[in-house]
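Shown next, in structure tokens, is the structure this report addresses.
The analysis underlying the following values was restricted to heavy atoms, covering all of them including side chains, and did not include hydrogens, waters or symmetry mates. Predicted model only: the values in this text are computed from it and were never measured.
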Amino acid sequence: MSRFFGCQPCLIDRPNKDLWIIGHRGFPRVAPENTLTSFEKAIEYGADMVELDVTLSREGVPVVIHDSHLSRTTDGKGFVRRHSLSSLRKLDAGSWFGKEFRQEFIPTLSEVFELFGSRISINIEIKKESFSKRQPWVVEAVLRTIEDFGLRKSTVVSSFSPEVVRQIKRKSSKQPTAILVSNRGKKAKNLIRQTGADALHVSLECFSESLVEDMDLLGIPVRVFTINEKRTATRLFRQGAQAVFTDEVKKLAG
């Protein structure tokens, strides 16, 4: 039986597995990040969960892309939030990675759920920059989409923003959540208590066995990002981490 209590996501394929491999933006070593092909490849090579990033189109539709700006991973320009869904759909989100991916597009969260929601558990990260005075409704939009597909039990919503996590728990107390931490100076216990988060997602630099011990007392699992070496992942699991996020799904899941 898991040592963790409270509100935790379940794994769809392997519900009793204690050690999780989470595909960071899918499987970005073999396909462009945050695309349908990237998620398909993560499933193919044995990920237990996939992580993706969400922001909103101009009309408030949750779309799956990491950056607030379009230029790094598409042939578009400007901020995602300033583009309509129809204009975002016309962009090439794959050629930057390889010519064979030129048909890839920016998926909506609904499309990801429709294709993969019954096949793999999903971690949705709401970016700090997506939650602002310009788009304060991103939390509601994400939660509504999760409920529309009936996927609350197999999804976790995470953010570096304590206010995002607090709002999620206020609006949907049974929705599994996680607070992300990459700064050693942040006090994990305080963040968990302030936000009501159900899990702690930390960088390797922030991880320690004493942190795991502290979180165990609170019933909080610790998941570590972004780990691409099998030896490091094995050590982290041995030291009590529940999961690692990775760009190297095949290497770590194999």
Side-chain angles (χ1 to χ4, degrees), residues 2-11 18-20 22 24-25 48-55 62 66-68 121-133 135-143 146 152-227 232-233 235-237 239-246:
S2 172
R3 64 186 186 276
F4 306 119
F5 51 85
C7 194
Q8 300 298 333
C10 66
L11 295 182
D18 290 326
L19 309 177
W20 304 358
I22 305 174
H24 181 231
R25 308 178 201 171
D48 302 299
M49 176 182 280
V50 292
E51 182 266 356
L52 55 82
D53 307 279
V54 162
T55 190
H66 179 272
D67 299 358
S68 58
S121 301
I122 296 173
N123 182 138
I124 303 164
E125 181 182 344
I126 297 178
K127 313 302 290 184
K128 260 187 175 181
E129 52 270 28
S130 297
F131 179 74
S132 65
K133 292 180 180 178
Q135 292 190 317
W137 53 87
V138 63
V139 168
E140 289 90 340
V142 168
L143 289 175
I146 292 170
R152 176 176 51 79
K153 290 183 179 179
S154 59
T155 61
V156 56
V157 185
S158 63
S159 183
F160 279 101
S161 166
E163 183 55 30
V164 167
V165 179
R166 277 194 291 267
Q167 284 218 19
I168 293 165
K169 296 308 285 186
R170 280 201 295 265
K171 295 175 185 298
S172 182
S173 62
K174 294 183 179 180
Q175 174 61 55
T177 59
I179 185 75
L180 287 122
V181 178
S182 60
N183 185 334
R184 282 188 179 185
K186 298 272 184 157
K187 299 295 185 184
K189 280 185 180 179
N190 291 344
L191 281 171
I192 294 296
R193 287 170 177 150
Q194 290 166 11
T195 61
D198 305 295
L200 182 67
H201 294 179
V202 299
S203 64
L204 180 61
E205 293 73 23
C206 293
F207 179 85
S208 67
E209 289 186 77
S210 62
L211 175 66
V212 172
E213 290 170 2
D214 287 345
M215 292 298 104
D216 270 357
L217 293 174
L218 299 174
I220 300 294
V222 178
R223 306 169 189 143
V224 188
F225 62 88
T226 301
I227 307 302
T232 305
R235 173 175 62 81
L236 290 168
F237 288 146
Q239 293 174 325
Q242 183 199 45
V244 294
F245 296 79
T246 185

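- When the side-chain contact (heavy atoms from CB on, under 4.5 Å) test is applied to D67, the partners found at least two apart in sequence or on another chain are R72.
- For S68, the side-chain contact (heavy atoms from CB on, under 4.5 Å) test picks out F79, E129, with sequence neighbours left out.
- Partners of D198 according to the side-chain hydrogen bond (donor to acceptor under 3.5 Å, both in side chains) rule, which considers only residues two or more places apart in sequence or in another chain, are K169, T177.
- Looking at heavy atoms from C-beta onward, W20 lies out of side-chain contact with P221 at the 4.5 angstrom threshold.
- Heavy-atom minimum distance, K189 versus L218: CG-CD1, 4.3 Å.
- The minimum heavy-atom distance between D48 and L11, with the atom names listed, is O-CD2, 3.5 Å.
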Residues V156, R223; criterion side chain to side chain contact (heavy atoms under 4.5 Å, CB included); working and verdict | CA-CA 12 Å; V156 56; R223 306 169 189 143; 4.2 Å; yes
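- Two residues are said to be in side-chain contact when any heavy atoms from C-beta on lie closer than 4.5 Å; L52 and I124 meet this criterion.
- The two residues C7 and K174 make their nearest non-hydrogen contact at SG-O, 2.6 Å.
- Taking every heavy atom of both residues into account, K171 and V139 meet most closely at CD-CG1, 4.0 Å.
- Remark: the backbone N or O of C10 is paired with a side-chain donor or acceptor of S121 at under 3.5 angstrom.
- Partners of E209 according to the salt bridge (Lys or Arg N to Asp or Glu O under 4.0 Å) rule, which considers only residues two or more places apart in sequence or in another chain, do not exist here.
- Remark: K153 engages no residue in a salt bridge (Lys or Arg N to Asp or Glu O under 4.0 Å) (not counting sequence neighbours).
- For S203, the side-chain contact (heavy atoms from CB on, under 4.5 Å) partners are S182, E205, C206, F225, not counting sequence neighbours.
- Partners of E213 under the side-chain hydrogen bond (donor to acceptor under 3.5 Å, both in side chains) rule, at least two apart in sequence or in another chain, do not exist in this structure.
- Rounded to the nearest 0.5 angstrom, I179 CD1 and T195 OG1 are separated by 5.0 Å.
- By the salt bridge (Lys or Arg N to Asp or Glu O under 4.0 Å) test, E51 pairs with no residue at all, sequence neighbours left out.
- Taking every heavy atom of both residues into account, Q8 and P176 meet most closely at C-CG, 3.8 Å.
- Paired with F4 under the rule side-chain contact (heavy atoms from CB on, under 4.5 Å), one option of D216, D18, I220 passes, and it is D216.
- Here the straight-line distance linking atom NZ of K187 with atom CZ of R193 works out to 12.5 Å at 0.5 Å rounding.
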Please walk me through it: do T55 and K127 pass side chain to side chain contact (heavy atoms under 4.5 Å, CB included)?
-> CA-CA 7 Å; T55 190; K127 313 302 290 184; 5.7 Å; no
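- Residues L191 and V165 have side chains not in contact (no heavy-atom distance under 4.5 Å, counting atoms from C-beta outward).
- The closest side-chain heavy-atom distance from E125 to S158 is below 4.5 Å.
- Listed by chain and number, the residues in a side-chain hydrogen bond (donor to acceptor under 3.5 Å, both in side chains) with S208 are S210 (sequence neighbours excluded).
- Here R166 pairs with E163 under the side-chain hydrogen bond (donor to acceptor under 3.5 Å, both in side chains) rule; sequence neighbours left out.
- Applying the ring pair (Phe, Tyr, Trp, His ring centres under 6.0 Å) test to F245 and every residue at least two apart in sequence or in another chain returns H201.
- Considering only residues two or more places apart in sequence or on other chains, T232 meets the side-chain contact (heavy atoms from CB on, under 4.5 Å) condition with L204, I227, E229, R235, L236.
- Closest approach of A241 and F207 over heavy atoms only: CB-CE1, 3.9 Å.
- To the nearest 0.5 Å, atom CD1 of residue I146 and atom CD1 of residue I168 are 7.5 Å apart.
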Check step by step if side chain to side chain contact (heavy atoms under 4.5 Å, CB included) holds for I22 and V50.
-> CA-CA 5 Å; I22 305 174; V50 292; 5.9 Å; no
